[in-house]
Every structure is written in structure tokens, then in C-alpha cells.
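Each chain gets a letter, A, B and so on, in the order the sequences are listed, and its residues count up from 1.
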Protein chains: 2
Amino acid sequence: MNLTVDPDDPTPPYEQLRRQLVRLVETGALAPGDRLPPLRQLAGDLGLAVGTVARSYREVEAAGLLVSRRGGGTRVAADVRPTPAPRRLRALADGFRTEARRLGFSDAEIRDALTAALEAG
Amino acid sequence: MNLTVDPDDPTPPYEQLRRQLVRLVETGALAPGDRLPPLRQLAGDLGLAVGTVARSYREVEAAGLLVSRRGGGTRVAADVRPTPAPRRLRALADGFRTEARRLGFSDAEIRDALTAALEAG
DNA sequence: GCGTTTGTGTCACGCCCTTGACACAACACT
DNA sequence: AGTGTTGTGTCAAGGGCGTGACACAAACGC
């Protein structure tokens with residue numbers, strides 16, 4: 001599931017987890033209905049207290065992305081529609097363009113850089 | 001100077017500031033020798049305590065990017081070489097490629113998305 | 001030289017976060 | 001029905017962080 005917490009990051013663990021969960025749902029890596037790890041299991045894996053993981057789940061649930069039920073675990077809400085892949089790609093491209101232009105590069109240079117990146121790996 | 005702190009972000013203010021400072025120096029937005037705002041002024045502008053801003057300055061100085069002197073203010077270290085623009089562009093392109101491929105897109109689709117982004121604005 | 005500016009250091013106070021443990025309630029499974 | 005699982009809630013304790021105020025030291029500007 002690829003959830004991690006960086007102890008050296010001053011950002012509170014519950015917030016690191018929350019952002020990753022939101023991202024997993026919005027990107028569709030977790031589909032509606034998918035079950036998340038139980039609180040205790042995830043807490044054990046990440047070296048966190050149960051209450052800390054519970055807070056992350058609770059906040060993402062409050063955002064409407066998850067649904068928790070006692071005994072039933074926590075699952076991705078059925079009505080969440082992951083952002084369509086084309087939209088996400090476009091958002092990535094927009095971000096790349098904006099940052100690259102901020103550095104003062106021309107469109108041609110930006111294209112060349114992408115070509116180099118694609119050919120490299 | 002475009003330094004901001006988001007009160008709603010659980011990330012500690014000193015850390016938000018620190019990251020922005022590092023970024024400004026590494027991108028060359030702040031050149032070696034450039035003077036940063038005095039502690040008290042920046043603290044006042046951002047609505048922070050002097051000690052909080054001081055901590056950010058201190059940590060970036062510990063990283064070798066700044067030099068502080070009493071009465072002389074805080075300046076960008078003379079020996080810091082901003083990461084060359086071409087390298088930064090290439091890093092941006094690599095990041096874009098990696099994320100886009102993770103979404104399952106082909107090289108052609110990635111190129112098309114960039115083209116669309118460039119034409120859009 | 002003198003006053004001002006500026007960074008540094010300290011202190012107590014309060015808030016937020018994490019932890020660990022525990023009890024409880026609702027669901028799943030047999 | 002009974003057992004185990006799972007999420008929820010509480011509590012006290014400790015640590016990290018921000019704040020505000022203050023004193024101090026070093027450099028600047030006149």
C-alpha cells in the first residue's frame with residue numbers, strides 16, 4: 001500500500017498520513033469500496049499509536065473520501081469518483097509548464113527538456 | 001520577497017519558512033550576498049514571533065546557505081552556487097515524466113499533454 | 001564616539017500532538 | 001449465540017513548538 005511516515009519531517013505524522021490517503025483515493029490507486037488496513041495493523045507497521053492513525057482516517061472520512069464502520073473496517077467511499085487520468089495528466093503538465101517558465105525557459109527549451117527526460121528513462 | 005506562512009497547514013511555521021528560504025537560494029532568486037529581511041521585520045510581516053523566524057534563519061545557516069552577523073543582518077552565503085537553471089529544468093522534466101508514467105500514459109500522450117499545456121497559456 | 005540596528009540567547013507559559021493503555025460498541029465470522 | 005475483529009472514545013503523561021518579553025553582543029550609520 002506504500003504508506004510511509006518520515007520521522008525527520010516536522011510535519012505531524014497524522015498530517016503526512018492524511019495527505020497520502022487523500023492522494024491514493026484521488027488518483028484512483030484506491031478504488032471505491034477498497035478496504036484500508038485496520039487501525040492497529042497500520043499503526044504497527046508505521047510505528048505510530050492507534051489514536052494517531054485513527055485521526056488521519058477520521059479527517060479523510062470527514063472530507064467524504066472514506067467510510068468507517070465499527071467492526072467493518074474503513075473503506076473508500078462508494079461515491080468518490082477518482083479524478084480522471086487525463087485531467088491529472090493535464091494538471092501535471094500545467095505544473096511543469098508553470099515552473100519551467102518561472103525559470104525563464106522558452107517553450108522550445110521546455111519541450112527539449114521533456115524529450116531528454118523521456119529518452120533517459 | 002514573497003514569503004508566506006499558511007496558518008492552516010499543520011507543518012510548523014519555522015519549517016514552512018525554512019523550505020521557502022532554501023528554495024529561494026537554490027533557485028537563485030536570492031543571489032549570494034543578498035540581504036534577507038531583519039528578524040523583527042519578517043516576524044512582523046508574517047505575524048510570527050522573532051524566535052520563530054530566528055530558528056528558520058539558524059537552520060538554513062546551519063545548512064551553509066546563509067550567513068548571519070549581529071548588527072549586519074543575514075545574507076546569502078558568498079560561496080553558494082545556485083543550481084544551474086538547465087539542471088533544474090531537467091529535474092522538473094524528470095519529475096513530470098515519472099509522475100505521468102506512473103499514471104500509465106505513453107510517451108506520446110505525455111508529449112501531447114505538454115503541448116496542450118503550453119498552448120493554453 | 002554614540003545611538004541604532006540586528007542577531008543571539010534565555011525564560012516561563014500555553015497549546016498541539018503523540019503515546020500507551022484501557023473500555024466500549026458495532027460488525028463479521030463460525 | 002458466541003468469539004474475534006475493528007473503529008471510537010477517554011485519560012494522563014511527555015515532548016515539541018510558538019509566543020512574548022527581556023537582556024546582551026556585535027556591527028552599522030551618523
Atom-to-atom span, [atom1] of [X] to [atom2] of [N] - whole angstrom:
X	N	atom1	atom2	result
B:Leu21	C:dG7	CG	P	13 Å
A:Leu42	D:dT6	CG	P	12 Å
A:Gln41	D:dT5	CD	P	12 Å
B:Tyr57	C:dG9	OH	C1'	18 Å
B:Glu15	D:dG18	CD	P	10 Å
A:Arg70	C:dA23	CZ	P	16 Å
B:Leu36	C:dT8	CG	P	12 Å
A:Arg40	C:dC24	CZ	C1'	11 Å

So what does [X] hit on the nucleic acid, given a heavy-atom distance under 4.0 Å: a base, only sugar-phosphate, or nothing?
X	answer
A:Arg58	nothing
B:Arg75	nothing
B:Pro10	nothing

side-chain hydrogen bond (donor to acceptor under 3.5 Å, both in side chains) between B:Arg58 and B:Ser68: does it pass, once the steps are laid out? CA-CA 8 Å; B:Arg58 192 188 334 135; B:Ser68 294; over 6 Å; no
Are B:Arg90 and B:Asp94 close enough for a salt bridge, meaning some N to O gap below 4.0 Å?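 Yes, charged N to carboxylate O under 4.0 Å.
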What I want to find out is whether B:Arg19 reaches A:Asp9 closely enough, with some N-O distance under 4.0 Å, to be called a salt bridge.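 Yes, this pair counts.
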Determine whether A:Val60 and A:Arg18 satisfy the following criterion, side chain to side chain contact (heavy atoms under 4.5 Å, CB included), listing intermediate values before the conclusion. CA-CA 6 Å; A:Val60 182; A:Arg18 189 194 63 80; 3.6 Å; yes
Below 4.0 Å: OP1/OP2 of [N] and any side-chain N or O of [X]:
X	N	value
B:Tyr14	D:dG18	no
B:Arg69	D:dC28	yes
A:Ser68	D:dG7	no
B:Thr52	D:dT19	yes

Comparing B:Pro37 and A:Gly51 on DNA chain C - which has the more 5′ nearest nucleotide: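 The residue mapped nearer the 5' terminus is B:Pro37.
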Kindly indicate whether the side chain of B:Leu24, heavy atoms from C-beta on, has any atom under 4.5 Å from the side chain of B:Leu3.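 A side-chain contact under 4.5 Å exists here.
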